[in-house]
Amino acid sequence: MSIAQQRVAEFVAAHDLEAPVAARLLDLAAEVGELAKEALKGTAYGRADFTPTAGWESELGDCYFALLCLAHSTGVDLERALAGVLTKYTTRLAATDEPGSGQ
C-alpha cells in the first residue's frame, strides 16, 4: 500500500469518516464533476486553451483523496493496481500500438 493510501486510511479512521462503498463511489464522481467544472473555467468554457484555475490543484487533491478512500473501502492496493494496468497497457502497445482494448 502506498504511503498516501496509508495516510488517508489513518486519517479516515482517526476522524471516524468511514462510509459505505456506494457513498465513496458517489463522492468520487462528485469530485470529478467539480474538477470538470474547473476545467471548463480554465478553458473559458471551451473558448480558450486550458489554463489551470485557482481551484484546479485543490479539486485534483479532492479527487485523489476520494479515490484513495474508495480503494481503502474496497481493499484495493492502488500501487498494485497501477502496476497491473501499466503491464496491460505495455502489452497492448507492443501488440497494436494502441493502449485501448479496441472494444
Side-chain angles (χ1 to χ4, degrees):
M1 180 181 305
S2 72
I3 293 170
Q5 194 168 343
Q6 185 62 41
R7 284 178 62 202
V8 167
E10 290 169 3
F11 182 87
V12 166
H15 296 283
D16 195 28
L17 297 174
E18 295 293 341
V21 171
R24 290 287 184 215
L25 182 57
L26 289 169
D27 183 50
L28 176 59
E31 294 299 349
V32 170
E34 291 177 22
L35 183 65
K37 179 72 171 182
E38 292 300 315
L40 281 172
K41 290 178 189 177
T43 62
Y45 289 80
R47 293 185 300 274
D49 290 337
F50 177 75
T51 302
T53 63
W56 181 252
E57 183 175 337
S58 178
E59 293 302 341
L60 272 175
D62 287 344
C63 288
Y64 190 41
F65 178 82
L67 179 62
L68 290 168
C69 285
L70 180 60
H72 172 67
S73 293
T74 58
V76 172
D77 179 334
L78 285 176
E79 289 291 323
R80 189 175 63 235
L82 178 61
V85 167
L86 291 174
T87 298
K88 174 178 67 177
Y89 290 149
T90 298
T91 301
R92 286 181 185 166
L93 285 165
T96 66
D97 271 344
E98 294 291 332
S101 65
Q103 297 178 9

Asks: Should R92 and E98 count as side-chain neighbours, where that means a heavy-atom distance under 4.5 Å?
Replies: no
Asks: How would you list all residue pairs meeting salt bridge (charged side-chain N to carboxylate O under 4.0 Å, His left out) that involve residues 37-55, not counting sequence neighbours?
Replies: E38-K41
Asks: According to a 4.5 Å side-chain heavy-atom criterion applied to Ile, Leu, Val, Met, Phe, Trp and Tyr, with indirect links allowed, do L28 and Y64 form part of one hydrophobic cluster?
Replies: yes
Asks: Write down the atom of A19, the atom of R24, and the distance for their closest heavy-atom approach.
Replies: N-NH2, 3.7 Å
Asks: For Y89, I'd like to know if atom OH has over 12 heavy atoms of other residues, nucleotides or ligands within 6.0 Å.
Replies: no
Asks: Return the CD to CG distance between Q6 and D77, rounded to the nearest 0.5 Å.
Replies: 10.5 Å
Asks: Around atom CD of E18, are there more than 12 heavy atoms of other residues, nucleotides or ligands at under 6.0 Å?
Replies: yes
Asks: Quick check on side-chain contact (heavy atoms from CB on, under 4.5 Å): which of R7, Q5, M1 does I3 satisfy it with?
Replies: R7
Asks: Would you say S2 and L78 make side-chain contact, with heavy atoms under 4.5 Å?
Replies: no
Asks: Can you tell me how far CG of L25 sits from CG of L70, rounded to the nearest 0.5 angstrom?
Replies: 6.0 Å
Asks: Closest heavy-atom contact between C69 and V12?
Replies: SG-CG2, 3.8 Å
Asks: Could you state the interatomic distance from CG (L60) to CZ (F65), rounded to the nearest 0.5 Å?
Replies: 15.0 Å
Asks: Show the nearest heavy-atom pair for residues A81 and V76, with the distance to one decimal.
Replies: CB-CG1, 4.2 Å
Asks: If you look at every heavy atom in S73 and V21, which pair is closest and at what distance?
Replies: O-CG2, 3.9 Å
Asks: How long is the span from the CG atom in L40 to the CG atom in L35, to the nearest 0.5 Å?
Replies: 10.0 Å
Asks: Please identify each residue that fulfils salt bridge (Lys or Arg N to Asp or Glu O under 4.0 Å) with K88, with sequence neighbours left out.
Replies: none
Asks: Please check this pair: side chain of T96 against backbone of L93, looking for a donor-acceptor N/O pair closer than 3.5 Å.
Replies: no
Asks: In chain order, what residues pass the ring pair (Phe, Tyr, Trp, His ring centres under 6.0 Å) check against F11, with sequence neighbours excluded?
Replies: H15
